[in-house]
Each structure stands twice: as C-alpha cells, then as structure tokens.
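Reviewing the structure listed below.
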Amino acid sequence: MAGESRRDFLKTAATAGVVGFLGGEFFLNALKPLEARPPTPALEKYYTSCGVCHSNCGIRVYVKDGVIRFLDGNPEDLHSGGKVCAKGVAGSYLPYAPDRLKYPLKRTNPEKGIEVDPGWVTISWEEALDTTAKRLGEIKEKYGPQSIIFIAHPTGFSERLRKALGSPNRITHHDTCIITHVVVEKFTIGTKLWMYDFPNSKYILCFGWDQPSKGKVPLTRRFSEAKRRGAKIVVVNPLVTLMSSQADEWISIIPGTDLAFALAMINVIISEDLYDKEYVRKYTNFEEHEEEIRNWVKDYTPEWASTITGVPAETIRRIAKEFATTKPSVIPMHKRDPPGPNYANSWKLCHAIIILNALVGSIDNVGGWLFTKGVSIPSLDKVYPPPPYPKPPVSEDICGRSRLPLLDKVKLGIFSTLANNILAKKPYEVKAAIIYKYNLLAFPNPKRLVEALKQLEFIVTIDVLPSESVQLADIVLPDCTYLEREGFSVRIYNGWYPQVSVFQPVIKTMYDCRSADWIFCELGKRLAPDYFKKPDGAFFTPSEYVREALVKGIGITFEELAQRGIWSKPERFKPFAKLESMVKAGKKIQIYGETFKKYGYDPLPSWQPRRDNPSPEYPLYLLITRPPVHRHGKTTDNPYLLELYPENVAVIHPETAEKLGIKDLDLVWVESRTGRVRVKAKLFEGIRKDCVCIPHGFGHWSRGLIYGYGRGVNDGDLIPDQTIEEIIDRGDPTGGACMCDVCVKVYKG
Ligand SMILES: Nc1nc2c(c(=O)[nH]1)N[C@H]1C(S)=C(S)[C@@H](COP(=O)(O)OP(=O)(O)OC[C@H]3O[C@@H](n4cnc5c(=O)[nH]c(N)nc54)[C@H](O)[C@@H]3O)O[C@H]1N2
Ligand SMILES: Nc1nc2c(c(=O)[nH]1)N[C@H]1C(S)=C(S)[C@@H](COP(=O)(O)OP(=O)(O)OC[C@H]3O[C@@H](n4cnc5c(=O)[nH]c(N)nc54)[C@H](O)[C@@H]3O)O[C@H]1N2
Ligand code: SF4
Ligand SMILES: [Mo]
C-alpha cells in the first residue's frame with residue numbers, strides 16, 4: 001500500500017472500527033482528555049495505586065459499607081494526570097471475583113497435569129504454612145538449597161527468603177519482557193531509561209513501539225499530547241495497530257529485520273554528516289572509535305537494507321534525514337518491541353537505536369529520551385540488615401544466567417531454558433518450587449514446562465486467582481489483591497521529579513487471604529528465623545517495613561502518605577544534567593560498546609539475521625501483541641474486560657486467507673514446529689501478507705477460572721523454549737527468549 005491510499009486506509013481503519021479486534025474505540029477515546037465522573041459525596045474516599053499493570057497509576061477509590069463502589073484517577077499523579085484506563089477501572093472487580101482464592105488449599109490428588117482435578121481441600125493457615133515449611137526444609141536438607149527454585153516476581157520479602165535458604169535460583173519473567181533493554185541500556189547508557197519528553201518532540205519514530213495501543217496511561221497520554229502538538233509520527237510495523245492509525249506514516253517491514261533499517265539510518269546520518277557533533281563529542285565515545293565506527297557502518301547502505309527489510313531504499317534514506325534534521329526527534333523503546341527480547345538480533349537493534357538517539361542528541365535532552373528522577377526508598381535489607389547470607393553451595397543457577405556474564409551482573413532472567421534444564425537435571429536436580437504472582441502460560445512452550453514441573457516433589461503457589469500455576473501446586477496460599485495491601489510505588493515512566501504513590505487497603509481483606517509479604521515472613525520465621533528479625537530480636541512485619549522505609553526514604557509517615565496518595569518533590573528538568581555527571585565520573589554513552597567488547601560480544605551491532613525464516617512448510621511470520629483492555633493473562637478472567645474483548649483471534653491478510661480457503665471468523669489451525677493452536681481467523685488488510693498475529697493473554701486451561709477458561713488460545717504454545725547453549729551460540733549476551741522469532745503455517749480446521 002503506498003502513499004495516499006495507505007493514509008486513506010489508516011484513516012478509514014481508525015474511524016470505521018476496522019481495527020476492532022485491536023480495541024479501536026477504546027484507543028480513540030484514550031486520545032481525548034477524559035472527564036472524571038463526580039463521585040457521590042456520601043462515599044468514603046481512599047487514595048491508593050492501581051496494581052493491574054506496573055504503571056501503578058494513582059487512584060481514588062470510593063467505598064460505601066465496606067464495598068468498593070467506584071474509582072477514578074488521582075489528579076496529583078504525575079504519571080497518570082488523573083486518568084485511569086479500562087483495565088484500572090475493571091480492577092475493582094478483582095477482590096469480589098467469585099473464583100478468587102479464598103482459603104489455603106491442599107492437593108489430595110497426587111497426579112498432576114493439564115485438566116487434572118487437584119482435589120482441593122481447604123486447610124488452616126497454620127497447617128498450610130507448617131506443611132510448606134516442613135516440605136521445603138526437608139528438601140533443602142536432602143538435596144541442598146539449590147534444589148528449591150523461586151518462580152517469582154521478586155520482592156524484598158521473597159528475596160529475603162530465597163537468600164536465607166541459600167538458593168541461587170530466582171526465575172523472573174524479565175527474559176520475555178525487558179531483558180534485552182535492561183542489559184543493553186545498562187552497558188551503553190548506564191541504566192535502563194523509561195521516560196520520554198514526547199510533548200516537546202517534533203519527530204517520533206517507532207520501531208514497533210506500540211505503547212499507546214496498550215492504553216498504558218503514563219505513556220499514552222504523553223504520546224497523545226505530542227500528537228496534539230503536531231509531532232510527526234512514523235511507525236515501522238508489519239501490522240497496522242491503533243497507534244499506526246494515528247501516525248503520519250506507516251512503514252510495513254519484514255519482521256525481525258529492523259536492525260538493517262536502523263543500520264542504514266546510521267550509515268546515512270554518519271556519511272552525510274547529519275549527526276549532532278557537539279553532543280556526540282561531549283557525551284559519547286564516538287570520537288575515540290571514529291574510524292572503527294565509520295568502517296563498520298559504511299556498507300550498510302539503504303540499498304543493502306532494502307533487500308532485507310522490504311522497505312524501499314529511498315524511504316529509509318528519507319526517514320534517516322528527517323530523523324536527523326527535524327529536532328527534537330526520538331526513537332522510543334519500552335519492553336516487548338522488536339528491540340525487546342523478540343528476535344535473535346533484538347539486542348543489536350536495541351544498541352543500534354541507542355546509537356541513533358545519541359547521534360541526534362536525544363538522550364537526556366528536551367523532546368528526547370530521559371533519565372528518571374527517582375527517589376531511593378531503602379530496601380528491606382537496608383531497613384532490617386540481615387545476618388550474612390549463606391553462600392549457595394553451587395554458583396551455577398538452573399537457567400544458565402551465570403554463563404552470561406553481563407546478564408549475571410543485572411541479576412535478571414532467564415526463563416526460556418527452565419523446562420529443558422529441569423528435565424535434563426542440568427546442572428542439577430530441582431525438587432521444589434515456590435511460585436508467586438507468575439503464570440505458567442507466560443513461559444514459551446508452557447506444556448513442556450508443565451511436564452517438567454510435574455516431576456518436582458513439592459510446589460507451593462501464592463496467587464489471587466486459581467491460575468494454571470495454582471493447578472500444579474501441592475499447597476496454595478491465597479494472596480491479597482492490590483486493593484487490600486500496604487506498600488508504595490516509586491515513579492519511573494513519568495519520573496520528571498521524585499514521586500511516590502501509596503498502596504493502602506481500601507477495603508478489609510476478603511475471606512481468609514493474607515498478603516504475600518506476610519506469607520514470606522511466616523515461611524521465613526519457620527525456615528530461617530534469624531533473617532526475619534529486627535535488631536531488637538523481635539520479628540519484623542511487612543507493615544513495619546513500609547512505615548520505616550517511608551520515614552527513612554522520604555521523611556513521611558505511612559498515614560500522611562495514605563491521606564494524600566502521592567508524595568512529590570517537584571524539580572525542573574535540566575537537560576544534560578545526568579550526562580554531565582556521567583562525564584565527570586569518566587563515563588560516556590558507549591556508541592562503541594567497550595563493555596560488550598571486553599566480554600567478547602560485538603562492540604558495534606553488525607547485521608545478524610533472525611533465527612527462524614519462512615520455509616515451504618512454515619511460510620508465515622508469527623507476530624504477537626497485547627490488547628489494550630487486557631493485561632496479559634491476569635485480566636482475561638475479568639467479565640467486564642471480557643465484555644470489551646472476549647477472545648483472541650489469528651489476524652491474517654485477506655489475500656493470504658483467500659489462497660488458503662479461509663474466510664473471516666473461520667476456525668483455523670496455526671502451527672509451528674513447537675505446537676499448534678485452533679483459533680478463529682480475523683481477516684485484516686492492515687497486516688502484511690506474510691504474517692499472522694495472535695494477541696497474547698488467552699488460552700487458559702485452568703478450570704478454576706470461571707470466565708477465562710477455554711477462551712481463545714495461548715500464543716506461547718507456538719513458541720519454542722530454548723537451551724542455554726543455543727543462546728550462547730547465538731552470541732546474545734542478554735539471554736533473550738526470541739518470543740516472535742517463529743514461523744508458522746495456517747490451515748482450516
Ligand atoms: N494493555 C496492555 N498493556 C500492557 C500490557 C498488557 O498486557 N496489556 N503489558 C505490559 C507489559 S508487561 C509489556 S512487556 C508491554 C508490551 O507492550 P509492547 O512493548 O508495546 O509490545 P506489544 O504489545 O507486543 O507490541 C509489539 C509491537 O511490535 C510489532 N512488531 C512485532 N515484530 C516486529 C518487527 O520485527 N518489527 C517491527 N517494527 N514491529 C514488530 C507488533 O506488531 C506489535 O505491534 O506492555 C505493557 N502494557
Ligand atoms: N507466549 C507469550 N508469553 C509471554 C508474553 C507474550 O507476549 N507471549 N509476554 C511476556 C511478558 S512481556 C510478560 S511481562 C510476562 C507476564 O507474565 P505474568 O506476570 O506471569 O502474567 P500474567 O499472565 O498476568 O499472570 C500473572 C499471575 O499472577 C497472578 N496474580 C495477579 N495479581 C496477583 C497478586 O496480587 N498476587 C499474587 N500472588 N498473584 C497475582 C495471576 O493470577 C497470574 O497467575 O509474560 C511473558 N510471557
Ligand atoms: S495504565 Fe491502566 S492498568 Fe496500568 S496502572 Fe494505570 S490505570 Fe492501572
Ligand atoms: Mo512485559
């Protein structure tokens with residue numbers, strides 16, 4: 001689709017709701033300023049934060065007779081500006097979900113697996129905690145602490161328990177979420193950057209960056225402001241998304257080839273002398289390595305990139321020039337965009353985008369990519385220093401992180417290797433797992449992980465819903481929802497100045513649920529009591545920690561914060577302030593990756609193809625995205641959100657469908673080398689003819705989820721898990737999971 005007709009299509013797509021499967025109406029509304037509904041005065045009002053996604057937007061919850069009636073945004077919140085998205089509003093359903101976990105449970109059926117009834121019986125907290133501690137204690141004694149793995153979203157409390165037990169094994173979801181960004185940004189800029197000065201940007205170029213389509217308030221509203229103020233928006237994406245429908249230009253690209261596009265842009269900007277010389281000299285190591293840089297990029301011409309990306313050379317050349325000359329310009333990155341852990345070359349794309357942003361002087365600059373002004377609230381270990389932790393008896397972890405030195409330094413990832421290593425008992429046997437706030441469906445090839453976890457002697461799961469992770473447990477411990485617990489959140493996405501938002505119980509905890517922090521403390525008391533004490537010898541509680549940390553960190557009591565919801569320390573943004581302090585400390589942005597070189601990796605991102613390529617058997621590229629009104633699998637059991645978006649579909653181009661004899665909403669099989677899923681086809685002109693896209697978050701097989709069970713499919717069933725050797729052979733220092741680097745076939749079924 002070229003020029004005028006493409007623009008017309010985008011306009012029609014947005015207005016006529018052709019992109020309905022992506023939640024078009026919701027998106028268009030998000031671009032308009034929302035008016036908060038005036039609350040009824042008789043209601044009690046409590047400030048807290050939304051816990052549906054990591055943005056933790058400040059909210060006001062209105063309660064009557066102990067029941068939540070309504071919620072809206074806290075206008076004081078720098079993050080959200082007082083807005084709440086559909087997911088945030090529908091979150092008030094969670095405490096009352098009829099299928100919520102209500103009491104501790106014990107499994108009576110020793111057989112485990114998909115569709116196997118665990119035979120739950122309700123037990124007391126005492127029995128649940130004692131049994132869990134006894135089983136973990138026995139396993140630690142018999143097989144060593146490394147045989148206990150934490151599949152957990154890490155918190156100070158879960159980490160205290162893991163370290164006190166002496167297990168090196170913490171499996172987090174970062175491998176498929178942000179790991180390439182974290183590692184590459186850490187070793188080139190010094191830290192992962194999260195925020196953008198979109199309202200002052202004049203040119204925003206997005207390589208698959210699609211946050212506004214997610215309705216993530218802090219990013220969507222800033223982007224909307226840029227749009228209102230007339231920034232030119234260019235979207236490179238194999239799929240027309242809701243954000244593309246708002247763009248000035250949509251460029252369709254072969255998936256997994258953006259690296260070639262970015263390299264060619266660098267080529268044009270350097271060879272045509274379009275870069276910001278003063279910025280580059282002052283704040284980057286360009287000059288020290290100029291010759292190598294020029295040599296590295298000289299052959300990556302737009303003509304070369306055109307053969308790889310399918311984008312005309314003149315388009316790439318024009319975009320490079322526009323990006324370098326329409327200032328301020330920026331290329332945003334976030335999490336699961338193509339520079340995220342999606343392709344074999346994603347880590348190099350991430351580096352190339354950092355180089356592009358540095359060449360135009362966008363990092364730490366007006367209209368650009370900014371360092372968050374955070375605030376340091378002391379961690380649990382700072383508030384209640386533990387005795388020295390035992391050294392794990394083995395230094396190697398079960399996933400192979402310790403074999404990737406740069407990944408090991410940031411202490412995150414890997415989880416795509418877990419199933420393989422458990423099954424192969426490599427480098428040792430795993431016997432028990434503590435699963436916290438983590439769904440098995442978030443793993444690539446989760447069926448294989450189920451096979452692996454079935455072999456364990458003991459699993460305890462801490463969750464709020466009867467998720468898939470619960471179905472494999474021996475003991476289930478019901479957590480509080482975010483509307484029932486205490487805590488705080490430090491702003492990152494719009495961290496213009498230090499800001500902290502409160503979490504406080506707005507209703508009494510329902511049923512017999514207890515907070516996860518409390519659960520970890522109780523397990524700690526039983527398993528490693530010395531690590532769960534204050535200096536005076538008494539056991540600490542999560543509440544005490546929150547209170548002490550706030551006073552020590554920002555000099556405010558919990559009660560004061562709870563009254564206002566938000567604590568801020570306004571400061572004006574000073575461009576280059578952080579870069580200046582880096583220069584003073586002898587550090588610069590590593591356009592030339594000196595650290596990568598030191599550890600044996602490519603110092604400059606040379607071209608590397610994707611892992612999986614179309615073949616006669618699997619001719620289509622798989623794309624994944626997320627709907628605006630769901631947050632992964634955790635909201636696809638929420639009836640209000642399901643009303644807006646009831647199931648996922650396989651999106652394919654009408655011409656591709658016609659060749660395959662597929663009509664709109666026909667049931668089809670989408671099959672990869674790893675597995676196949678049966679799902680409705682949705683014909684959509686806005687996807688490349690060689691692609692199929694499945695939005696993530698559906699395909700629950702836990703019968704406990706009364707609304708989520710059996711809806712749609714899990715894209716993860718198509719994605720292979722990996723071995724650590726494959727990752728090492730690919731030369732990826734970040735251990736990325738290659739979530740989209742998969743080819744599939746589609747046929748009627
Ligand atoms: N509503 C909602 N919001 C969320 C979440 C959610 O589940 N729902 N999850 C949160 C979390 S944890 C995450 S990680 C983020 C994820 O949010 P994003 O990082 O925005 O990731 P995706 O939604 O997967 O969108 C990725 C986009 O990249 C495009 N793409 C895929 N391959 C290529 C390629 O090779 N080249 C180019 N140029 N584009 C490509 C896809 O078509 C898609 O539009 O969102 C966060 N916000
Ligand atoms: N196939 C595939 N896999 C993916 C992705 C993909 O696009 N495709 N995306 C990846 C990305 S970017 C991410 S961030 C991850 C997300 O992975 P997860 O964070 O695991 O995502 P969810 O599916 O939302 O599952 C959250 C789990 O926590 C539980 N839960 C929710 N709230 C609470 C709570 O307050 N307390 C406790 N104890 N439990 C709670 C839910 O019931 C559920 O079991 O998935 C990754 N995996
Ligand atoms: S973006 Fe939406 S879901 Fe995420 S914290 Fe804000 S209101 Fe909640
Ligand atoms: Mo994520």
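Numbering of ligands and ligand atoms starts at 1, following listing order.
- By the criterion of a heavy-atom distance under 4.0 Å, the side chain of Thr241, and not its backbone, is placed next to ligand 1.
- At a cut-off of 2.8 Å, Cys57 is not counted among the residues with an N, O or S atom near atom 4 (Fe) of ligand 3.
- Using cut-offs of 30° and 60° for the angle between ring planes, the His54 and His173 rings count as parallel.
- The shortest contact between atom 8 (Fe) of ligand 3 and any protein heavy atom is with Cys50 SG, 2.3 Å.
- Of the N and O atoms on the side chains of Tyr343 and Asp258, not one donor lies less than 3.5 Å from an acceptor on the other residue.
- Looking at His153 against ligand 2, nothing comes within 4.0 Å, counting heavy atoms.
- Heavy-atom separations between Glu468 and ligand 2 are all 4.0 Å or longer.
- In terms of polar-atom proximity, Ile254 is not counted as a contact of ligand 1, lacking any N or O under 3.5 Å from an N or O of the ligand.
- The shortest N or O to N or O distance between Gly633 and ligand 2 is below 3.5 Å.
- In this structure, the protein non-hydrogen atom closest to atom 6 (C) of ligand 1 is His630 O, 3.4 Å.
- Polar contact with ligand 2: absent for Met739 (N/O pair, distance under 3.5 Å).
- Residue Tyr482 places no heavy atom under 4.0 Å from ligand 2.
- Under 4.0 angstrom from ligand 2, the non-hydrogen atoms of Arg336 all belong to its side chain.
- Residue Leu623 touches ligand 1 through its side chain alone, judged by heavy-atom distances below 4.0 Å.
- Only the side chain of Ser467 comes within 4.0 Å of ligand 2, counting heavy atoms alone; its backbone N, CA, C and O stay farther away.
- When heavy-atom distances to ligand 2 are checked against a 4.0 Å cut-off, Ile624 comes that close only through its side chain, counted from C-beta outward.
- Polar contact with ligand 1: present for Pro628 (N/O pair, distance under 3.5 Å).
- When heavy-atom distances to ligand 2 are checked against a 4.0 Å cut-off, Phe443 has no atom that comes that close, whether in backbone or side chain.
- Heavy atoms of Lys335 found under 4.0 angstrom from ligand 2: none, in either backbone or side chain.
- Closest to atom 2 (Fe) of ligand 3, if we only count protein heavy atoms, is Cys85 SG, 2.3 Å.
- At least one N or O atom of Gly716, backbone or side chain, sits closer than 3.5 Å to an N or O atom of ligand 2.
- For Asn56, every heavy-atom contact with ligand 3 shorter than 4.0 Å involves the backbone, none the side chain.
- Between Thr481 and ligand 2, a contact under 3.5 Å exists for no N or O pair.
- Residue Gly697 places no heavy atom under 4.0 Å from ligand 1.
- Those atoms of ligand 2 with a heavy atom of Lys634 less than 4.0 angstrom away are 22 (P), 23 (O), 24 (O), 31 (C).
- In terms of polar-atom proximity, defined here as any N/O pair under 3.5 Å, His632 does make such a contact with ligand 1.
- In Cys480, the part holding a heavy atom less than 4.0 Å from any atom of ligand 2 is the backbone.
- Checked by distance only, ligand 1 and Cys740 stay at 3.5 Å or farther apart across all their nitrogen or oxygen atoms.
- Proximity of Lys87 to ligand 1 is established by a heavy-atom distance of less than 4.0 Å.
- In this structure, Arg485 has a heavy atom closer than 4.0 Å to ligand 2.
- With a 4.0 Å heavy-atom cut-off, ligand 2 is reached by the side chain of His173 but not by its N, CA, C or O.
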Checking salt bridge (Lys or Arg N to Asp or Glu O under 4.0 Å) for the pair Arg491/Glu76: CA distance, chi angles, key distance, verdict?
CA-CA 13 Å; Arg491 273 39 190 113; Glu76 300 290 304; over 6 Å; no

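- Interface atoms of ligand 2 facing Tyr436, defined by a heavy-atom separation under 4.0 Å, are 38 (N).
- Of the polar atoms of Val236, at least one N or O is found under 3.5 Å from an N or O of ligand 1, judged by distance alone.
- Taking only non-hydrogen atoms, the option from Trp209, Tyr645, Tyr343, Tyr621 nearest to atom 32 (N) of ligand 1 is Tyr343.
- Contacts between Ile719 and ligand 2 below 4.0 angstrom, taking non-hydrogen atoms only, involve the side chain exclusively.
- If you look at Asp479 next to ligand 2, the close heavy atoms, those under 4.0 Å, all belong to the side chain.
- Nearest to atom 1 (S) of ligand 3 among the protein's heavy atoms is Val217 N, 3.3 Å.
- Inclusion of Lys214 in the set of residues having an N or O under 3.5 Å from an N or O of ligand 1 is warranted.
- Which parts of ligand 2 touch Arg631 is read off a 4.0 Å heavy-atom cut-off, strictly below it: atoms 19 (O), 21 (O), 24 (O).
- Close approach of ligand 2 to Cys177 is summarised as follows: ligand atoms under 4.0 Å from at least one heavy atom of the residue are 12 (S), 14 (S).
- Checked against a 3.5 angstrom limit, the closest N/O atoms of Asn237 and ligand 1 fall inside it.
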